[in-house]
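Convention: sequence-line order gives letters A, B, ...; per-chain numbering from 1.
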Protein chains: 2
Amino acid sequence: MSEQDTKERILDAAEQRFARDGFHGTSLRAITAEAGANLAAVNYHFGSKETLMAAVIDRRLAPLNRRRSECLEAVAAAARKENRPPDVRGVLRAFIQPTLDFRGSCPGAEAFVTLVGRALVQPDDTLRVFFQKRMEPVVTRLFESLAAALPALPRQVLFWRLHFMLGAMSHTLCWIDRAGRAAPAGLEPSADAETLSDLLLDFLTAGMESTS
Amino acid sequence: MSEQDTKERILDAAEQRFARDGFHGTSLRAITAEAGANLAAVNYHFGSKETLMAAVIDRRLAPLNRRRSECLEAVAAAARKENRPPDVRGVLRAFIQPTLDFRGSCPGAEAFVTLVGRALVQPDDTLRVFFQKRMEPVVTRLFESLAAALPALPRQVLFWRLHFMLGAMSHTLCWIDRAGRAAPAGLEPSADAETLSDLLLDFLTAGMESTS
DNA sequence: GTCTATATGCCGATAGAC
DNA sequence: GTCTATCGGCATATAGAC
């Protein structure tokens, strides 16, 4: 039970709880109880509840966004090489696929993805600003790639479409594991990652390319 | 300062606070302070914090969903009369337009719409279930209208597309008044209701009609 | 119907022993 | 680095005067 073990167990438990009950709905006591750690350990290792949340986000978001940037760069490079604009679906996939892949990559990632989905609409200012700062570089890169793929589209329109896309995506991430419960008529939601990725890309690509 | 005045002032204040800080992030003290009412008045008039939230939602959601149902029914009736399927854009507009119209219809509606946008991803189970129950009839109606407009589309696919649409919409409702701050390069977001409605309908209609 | 006063409990954070 | 014990505060909810 070394220092790092405790620290990581707290991060794991916090990830689960924050995703399930939200920031304000989760107490440090609930987190430490689930982690089998002492209440004081949180402040010792992380300083405060807010910095704990920041650490939870950073641990997973940094590598995820690195992967997203790599994929976006690969799509852009391929387009440059062939001297053509990148294709919309390829750009969108470069942003979305790493997220869905990541979901199955390690235990806890599922909860984290829910957390990310919620962070976009979180009321708490501190956390939202923190999260936005971490997302800004890769979102800017996504915006520029889409602008290159859709040169005729006014940037204001693209800006809003990007918002629509992020909304569809974050909502999906939040609901991916309980969409079945909301099915209107006994529909099997069939939420395997690959199918869902295709469905989302079909929808978003068409929306992005809309000319009406 | 009759009974109803106090009750409504509490509802107004709660609407603002819940929308800004979330359910768990808002205290009854903050609400009653803003309403100029006494703390005990909340429990007297509403019973508990949760039932207060339910009252906040009900006050506006009931007429809003009535209007949505009327619009959806009007589109369906027009299609029946001309013996053709309804058009996708018309169905989507029947659901979306009342929401955006409502935003400007009375003071406080803005905050309520933000609240509704967030309710879809709210972590709290009680509130989410409550909200879903209130939305279920009109969402089912929307689903059936879209199914009629897109007879070739498998219902499972439509189910997910409906989720994507609700996500794009709720995210937009949450960000409508602060999307400008996230603009990547000094873009004017130009968020007037009519333009935004058209942009959203362009995007969603194309996504719904996608055949790839 | 509205108030004051208070019951009761959980919250985040910290001091200090080991 | 981990623990116990506790501080000070704010939470929801209620009892009872007016």
Side-chain angles (χ1 to χ4, degrees), chain A residues 1-59 115 119 122-130, chain B residues 1-59 115 118 122-130:
Chain A
M1 208 173 280
S2 75
E3 170 194 351
Q4 193 158 4
D5 281 342
T6 299
K7 227 176 144 173
E8 289 230 338
R9 281 204 324 277
I10 290 175
L11 282 173
D12 290 340
E15 186 172 60
Q16 294 289 333
R17 292 285 181 157
F18 283 146
R20 208 187 58 189
D21 304 324
F23 181 74
H24 290 293
T26 303
S27 71
L28 293 183
R29 283 170 170 83
I31 291 169
T32 51
E34 187 172 309
N38 189 274
L39 172 63
V42 170
N43 279 354
Y44 176 78
H45 286 291
F46 300 98
S48 74
K49 189 182 180 183
E50 267 195 5
T51 23
L52 170 60
M53 175 59 121
V56 167
I57 293 177
D58 262 343
R59 177 175 65 153
L115 197 64
Q122 203 125 35
D124 189 276
D125 243 29
T126 319
L127 291 176
R128 205 184 44 240
V129 168
F130 171 86
Chain B
M1 206 173 280
S2 77
E3 169 193 355
Q4 192 158 4
D5 282 341
T6 299
K7 227 176 146 174
E8 289 231 336
R9 281 202 325 275
I10 290 175
L11 282 173
D12 290 339
E15 185 171 60
Q16 294 288 335
R17 293 286 182 156
F18 283 147
R20 209 188 57 189
D21 304 324
F23 182 72
H24 290 295
T26 303
S27 71
L28 294 181
R29 282 173 165 81
I31 292 169
T32 50
E34 187 171 308
N38 188 273
L39 173 63
V42 170
N43 278 348
Y44 175 77
H45 287 292
F46 301 97
S48 74
K49 189 183 180 183
E50 266 195 6
T51 28
L52 170 60
M53 175 59 122
V56 166
I57 292 177
D58 262 344
R59 178 175 63 153
L115 198 65
R118 276 199 191 118
Q122 204 126 35
D124 189 276
D125 243 30
T126 319
L127 291 176
R128 204 186 44 242
V129 168
F130 172 86

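Considering only the side chain of A:Arg29, D:dT6 comes nearest among C:dT14, D:dT6, D:dA13. Listed nucleotides C:dT14, C:dT2, D:dT2 differ in distance to A:Thr6; the shortest reach to its side chain belongs to D:dT2. Side-chain proximity of B:Asn38 to the nucleotides C:dT2, C:dC3, C:dT14 is greatest for C:dC3. Of the candidates C:dC11, C:dA13, C:dT2, C:dC11 carries the atom nearest the A:Ser27 side chain, counting heavy atoms from C-beta on. Picking from C:dA13, C:dT2, D:dA13 the nucleotide with the shortest atom distance to the side chain of B:Leu39 gives D:dA13.
Between the P atom of D:dA11 and the CZ atom of B:Arg17 lies a distance of 11 Å, rounded to the nearest Å. For the pair B:Arg9 CZ and C:dG1 C1', the computed distance is 12 Å after rounding to whole Å. In this structure, A:Glu8 atom CD and D:dG1 atom P are separated by 15 Å, rounded to whole Å. Rounded to an integer number of Å, the gap from CG of A:Asp21 to C1' of C:dC10 is 15 Å. Rounded to whole angstrom, the span from the CG atom of A:Asn43 across to the C1' atom of D:dT2 amounts to 13 Å. For the pair A:Glu50 CD and C:dC11 P, the computed distance is 17 Å after rounding to whole Å. Between the C1' atom of C:dT14 and the NZ atom of A:Lys49 lies a distance of 17 Å, rounded to the nearest Å. Across the protein-nucleic acid pair, B:Tyr44 atom OH and D:dA15 atom P stand 15 Å apart, rounded to whole Å.
No salt bridge links B:Asp12 with B:Arg9; every basic N to acidic carboxylate O contact stays at or beyond 4.0 Å.
Between C:dT2 and B:His45, a contact under 4.0 Å exists linking OP1 or OP2 to a side-chain N or O.
For the side-chain contact (heavy atoms from CB on, under 4.5 Å) with A:Phe46, the qualifying choice from A:Val56, A:Leu28, A:Leu11 is A:Leu11, the only one to do so.
Looking at which nucleotide of DNA chain C each of B:Ala37 and A:Ala40 is closest to, the 5′-most match is held by B:Ala37. Remark on DNA chain C: of its neighbouring residues A:Gly47 and A:Ala30, the 5'-side contact belongs to A:Ala30, judged by nearest-heavy-atom nucleotide.
Contact annotation: the side chain of A:Met53 approaches that of A:Leu115 to within less than 4.5 Å [non-hydrogen atoms, C-beta and beyond].
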Step by step, work out the side chain to side chain contact (heavy atoms under 4.5 Å, CB included) result for A:His24 and B:Phe23. CA-CA 9 Å; A:His24 290 293; B:Phe23 182 72; over 6 Å; no

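Contacts of A:Thr32 with the nucleic acid, taken as non-hydrogen atoms under 4.0 Å apart, are absent.
A donor-acceptor pair under 3.5 Å is absent between the side-chain atoms of A:Arg29 and the main chain of A:Leu39, judged by distance alone.
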